[in-house]
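Each remark here refers to the structure printed beneath this line.
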4 protein chains.
Amino acid sequence: MVNVGIVGGTGYTGVELLRLLAGHPEVKVTIITSRAEAGRLVSDIYPNLRGHFDIPFSEPDLDALSACDLVFFATPNGTAMKLVPELLERGGKVIDLAADFRIKDIPLWEQWYGMAHSCPELVAEAVYGLPEMNRDAIRSASLVANPGCYPTATTLGFLPLIEAGLVNLSGLIADCKSGVSGAGRGASVGMLMGEVGESFKAYGVPGHRHMPEIRQNLSVVADRPVDVTFVAHLLPMIRGIHSTLYATLTEEVDLQALYESRFSSEPFVDVLPAGSHPETRSVRGINHCRIAVHRPQGGNTVVVLSVIDNLVKGAAGQAIQNMNIMLGMEETLGLRAVALLP
Amino acid sequence: MVNVGIVGGTGYTGVELLRLLAGHPEVKVTIITSRAEAGRLVSDIYPNLRGHFDIPFSEPDLDALSACDLVFFATPNGTAMKLVPELLERGGKVIDLAADFRIKDIPLWEQWYGMAHSCPELVAEAVYGLPEMNRDAIRSASLVANPGCYPTATTLGFLPLIEAGLVNLSGLIADCKSGVSGAGRGASVGMLMGEVGESFKAYGVPGHRHMPEIRQNLSVVADRPVDVTFVAHLLPMIRGIHSTLYATLTEEVDLQALYESRFSSEPFVDVLPAGSHPETRSVRGINHCRIAVHRPQGGNTVVVLSVIDNLVKGAAGQAIQNMNIMLGMEETLGLRAVALLP
Amino acid sequence: MVNVGIVGGTGYTGVELLRLLAGHPEVKVTIITSRAEAGRLVSDIYPNLRGHFDIPFSEPDLDALSACDLVFFATPNGTAMKLVPELLERGGKVIDLAADFRIKDIPLWEQWYGMAHSCPELVAEAVYGLPEMNRDAIRSASLVANPGCYPTATTLGFLPLIEAGLVNLSGLIADCKSGVSGAGRGASVGMLMGEVGESFKAYGVPGHRHMPEIRQNLSVVADRPVDVTFVAHLLPMIRGIHSTLYATLTEEVDLQALYESRFSSEPFVDVLPAGSHPETRSVRGINHCRIAVHRPQGGNTVVVLSVIDNLVKGAAGQAIQNMNIMLGMEETLGLRAVALLP
Amino acid sequence: MVNVGIVGGTGYTGVELLRLLAGHPEVKVTIITSRAEAGRLVSDIYPNLRGHFDIPFSEPDLDALSACDLVFFATPNGTAMKLVPELLERGGKVIDLAADFRIKDIPLWEQWYGMAHSCPELVAEAVYGLPEMNRDAIRSASLVANPGCYPTATTLGFLPLIEAGLVNLSGLIADCKSGVSGAGRGASVGMLMGEVGESFKAYGVPGHRHMPEIRQNLSVVADRPVDVTFVAHLLPMIRGIHSTLYATLTEEVDLQALYESRFSSEPFVDVLPAGSHPETRSVRGINHCRIAVHRPQGGNTVVVLSVIDNLVKGAAGQAIQNMNIMLGMEETLGLRAVALLP
């Protein structure tokens, strides 16, 4: 049994960590911090946790946190980088679900996130926590930068094509759609049901923070700069991301075989039969990415359809997958549920 | 490990049984029948089951079914009564999730369900599978009639008041609202998203099949005839039932204490703190009924708010709870997940 | 052509006034005020108004407002009572869409709205703007208190029964459900789509501000105190209120004939054929209340189903209906659209 | 006043024609046919039409239809082509809202629609009813092929770029998302709210009937073959299409000025200010297409965002716009409402 702490447990990512960890046979959550809700029972805010977590939120405390085997940061961008250095110094292991350690290029990070980075040296050390790219490095990491939701769905979808060097790297397009839980649980007019229900729109077309992350991932895979146009859209539903990816083939290939082969040993990537159209509900509540690959009318445009639950494989589930790897546990532990459908 | 079969696995109740049984440590599903889909993989129709149930639907076969330790019928009304007699004769145990064995008054059943009953003698023998009323009888039953969704939420909500003889039995009102999954997965214009999305209506006000079932339950509890006005409504969402119940108090009582005491040892009934308003999402995907009891402005009208997931405590989850009891397993086995929120 | 002003045009009630007045052949909106958005174009905030209202929000200005033939207040509770006295003194006509002038009993108002009333003498003078109750008084009124959304649907539904003295006045129940737009456009965690989508709950069961308003209306109709239990619920959709009303008959009556007769000359109340179940979408965007009346199984409980669009007949549409009456125009002017279905 | 008939009035396109024509000052609907519902009142099926259309559905009758000034066909594909020849011979004017006359290449049409065309000679004569491309030809047409919903949003979005010869014609991408009303009102499991609510998926990626229509339109504009990859997706909402279009610029241009100039005299195309993201709700219920054009990070990829209401500009509204043009009426007559928001 390992003890874990969660810093910033009141957002959707925090409650999702708790939901999933409640079913993890080898983990005990000993600390859940929240400055705003300190003293209040976790289950008062999240009634679905009644009977599962009857502990209160507490103020963040470094001594208590460093007594944990691993600490998750489910905090806003810019919070983890303030506490992580000391935790690591004391020998802790950390998974940051925010963006503090995702972008290796510090000036680029500072430009997109609008603040100075307080521990750039740790960014270099941090491992980007996409197990399908970096499993070995994650195994020995002390600090894992858990990927963003759009980057996860998009990177997994493009991965086989780019690894195999089969597509033109300059005209990639990622047309991505997300449920509203991706925007978090902060009060805002823009995310009221009266504003986003029964409607659909793109957002952030001039520039979205997940774009540099996607470019970095694909460039690492290609081992040279990759350009991708990324457009995010907001779906009138709660959970789920659907990435529709477009690339131009530069040579002939059996796409279905390529994808099946690339992911055959991945426990959380499911390549659907040829001709399929994955639904976001097929991964609701679970850590899987389901992918289908198409080549409409036999042309040279590849269309990849990639779906995840933004709160699971796009956040808390992937964090637990990383924890399992870091702590030497079976990778799928606590992550074997069936998607909630209908 | 016990072997179970499911007759009629293609509807929402069937897939929900499969979803929940995938996580049950002591159960193996060996047969899933469907005449219409025989030969097709279960996971072809329900992609959330990929990797969990890679067996095909088969034609119903009595020999195979009677080799199971228990058989669930997730079939339309009128189907189970044709097969159950022979299964029981061969020593099988059966849980019917449809209505064939719920109503003890055969002419009343025949009037509401519009068909003749083919084995009225088994109706007498069948145990109504609401564990909170009938746990002991369920333990030794061979045939359990799994309750309807509205009757489950409504009966549990009224139970403490009626058992304690505290309310007028002639003016009870159950104003109930259900998500669309309660209507099943059959093709119909009336349940298209274009028809039921972003709208709300009552239905079946002149008469609904769950009304005689609710009356029967409450009359059994009161040990005399209870009259209840039941109005069903259709919610523009998928899962969840909310029963708002009204009764007139005939004497003084501490309602909160009454409810907490009545359900203190029930693993799946959660009485919320005084002043609460349960949300249907707080039980999404789980077998709990959450209840709050109010007495607005201190008057003599009691308002009970009772929520369940219609596919879980209102169908498949309760069936598994009954199975656990019938087969001598721990009652909560396979039913300990956390509700999916948000 | 008449000139009207709108004070507080940024909320859902304000934009709905603008949407409806855009199609009114005899009205010109000359002023739309908003302190927060002064200087910004109305159509910048509400793109559906592009090409219809290309005027900016302005700071509220008494001189400008008193030059209008009529002023609508679409402001938070407590705002209108500060400005209305002077406007009336200068000879203006006012319709307040908030609650400042709805409750005749000042201490009761102050208790429920948590503030002192600054012009109680005007409350006595104000006419409650439900045309189906008070058409003649509205015709000559200078100050109209536009009814709340729940009170409109509920009062219209109970009206024929109580006027005719056919039901027990002590056990009335109003089980009401509203779309989220009823909560307005203020930022709040509780109304995020992630919180209220795909879920359903009651709220305010211990006490809701519309309860005293409903009681006042029904008591006026009955000419003696009427007690009603009112429970509000939140629907996972944007527009629409459904009131399900329960009463106990004290004598025999042809309910369908009673309702049809009572509302035969009402342009905005539509009594559906016997056996109907009105859908909220059947009044989406229009000023109608559609009503069906049932007597389940011929018992003595009457069930009335009453639907309105909370932003139209429950707010802006009814305000325009009142304006038409006050200014001597045809009552249905600007209010003849067809509901948006699907 | 002109008399019009509607053949096939029971689907969503039919009811939308009725909703819009109810507000058209110069049109009277004299016939609404439906074989299945003949004799039944229109308002029995569509309660929103109560008080507006109290005429019954009738069997289609050529004599009656040819007495109309214009006949709309809101029938399934393959129906109009059987009746239109005789109607035209008798001097009638026809607008077909289905696909019978959209594709000029008959073998291509027969391949995608899976049937033989019964009057190919009329296809040559028919005018494709996109006023922004073909206004003059529509003015003198007897037979107008009303465009499909995806082709309308997509063609309008690409139009300025292709007319001006500014983009590479071989790598165009149209990533399109539609509400469920686009699938019509036929009973099907796939469109149940339980199946499509709270989920999102692509469909028809290997090939969709609107693809050849889009290619034809763009090729006409470019005056040479244009290749476009078209992917359709299903949104969990009722109305609205959002086309996200990608093209590669081949020369420098002021995109905002180009779009504003191209559509400056179009009454139903609204180019939003630079940097905007149109929401589908901003056109709910109205005949407008709202467009924003972006060039992310100043690269050479243009991203166009184009939204319509699939039932209005994508079907019934555009048909009425065409009718207005064909019959010499003001083009915006009956189409001046404000979008329903929220």
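Worth saying up front: this structure is predicted, and the values here are computed from it rather than measured. Lettering of chains follows the sequences in order, A, B, ..., and the numbering in each one begins at 1. Scope of the values below: all heavy atoms of this structure, side chains included, with no hydrogens, waters or symmetry mates.
Chosen from R336(B), E279(B), H52(B), R185(B), the residue pairing most often with chain A at heavy-atom distances under 4.5 Å is H52(B). Highest contact tally toward chain B, considering only S276(A), G51(A), A339(A), is held by A339(A) [criterion: heavy-atom pairs under 4.5 Å]. Among A22(B), S282(B), P47(B), A337(B), the residue with the largest count of heavy-atom pairs under 4.5 Å with chain A is P47(B). Chain A forms the most heavy-atom pairs under 4.5 Å with one residue out of V283(B), L49(B), V338(B), I286(B), and that residue is V338(B).
For the pair R284(B)/L340(A), a side-chain contact is recorded, criterion being any heavy-atom separation below 4.5 Å from C-beta on. Within the 4.5 Å cutoff, the side chain of P342(B) has heavy atoms near those of the L311(A) side chain.
Taking CZ of R50(B) as the start and CZ of R290(A) as the end, the distance is 6.5 Å to the nearest 0.5 Å. If you take CZ on R239(A) and CG on L341(B), they are separated by 8.0 Å, rounding to the nearest 0.5 Å.
Of the atoms belonging to R19(A), heavy atoms from both backbone and side chain fall under 4.5 Å from chain B.
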